[in-house]
Amino acid sequence: MEIQTIISIIIVALLVIAFIIWIAWQIKKKGLKQFATEMIVKAEDMYEQGQNSEKLNFVIDKVIDMLPGVLQFFITREAVKNFVQSVFDTVKKALDYVPKKEN
């Protein structure tokens, strides 16, 4: 086989693997939202007010532990942090919601 053919096969294989990982992450993420919410509540209970970085790190570690080993290799801590932060923001927005008063 020619080098160009081998390179093309490798690129296609990597793209397929990346797509499979992305699909698995999307499926897992739906269940992870509930798990992350539960861990946020647990962290709020475990740590004192003001220990926000400890709370965040606790939740990130727990979410990373929930991921299958293969996904842990490809998903960065920063991506998990962003995910946890978005879950937290959604929960906080829901809890802070105050209905508008009717006139």
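Residue numbers count from 1 along this sequence. Everything quoted here is computed from the prediction, not taken from an experiment.
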Strictly distance-based, threshold 3.5 Å: is any side-chain N or O of N57 a donor or acceptor partner for the main-chain N or O of S53? yes
Calculate, to the nearest 0.5 Å, the distance between atoms CE and CG belonging to M39 and L56 respectively. 14.0 Å
Testing D61, V63, N82 one by one against R77 for a side-chain contact (heavy atoms from CB on, under 4.5 Å), which residue passes? D61
How far apart are the closest heavy atoms of F88 and E44, and which atoms are they? CE1-OE2, 4.4 Å
Could you give the distance from CG (D96) to CG (D89), rounded to the nearest 0.5 Å? 10.5 Å
Spatial distance of atom NZ (K33) from atom CD (E38) [nearest 0.5 Å]: 14.5 Å
Once you round to the nearest 0.5 Å, how far does CE of M46 lie from CZ of F58? 4.5 Å
Taking I17 as the starting point, is it possible to reach I11 by hopping between hydrophobic residues whose side chains are less than 4.5 Å apart? no
Is it true that, when you exclude I3 itself, more than 12 heavy atoms of the residues, nucleotides or ligands shown sit nearer than 6.0 Å to its CD1? no
One should read off an interatomic distance between K62 NZ and L32 CG, to the nearest 0.5 angstrom, of 14.0 Å
Looking only at non-hydrogen atoms, find the nearest pair between V87 and A36 and report the distance. CG1-CB, 4.2 Å
Check whether L15 and V12 end up in the same hydrophobic cluster, where Ile, Leu, Val, Met, Phe, Trp and Tyr are linked by side-chain heavy atoms less than 4.5 Å apart. no
Determine the minimum heavy-atom distance between V84 and V59, stating which atoms define it. CG1-CG1, 3.5 Å
For residues K55 and Q49, report the shortest heavy-atom separation together with the two atoms involved. NZ-CA, 4.2 Å
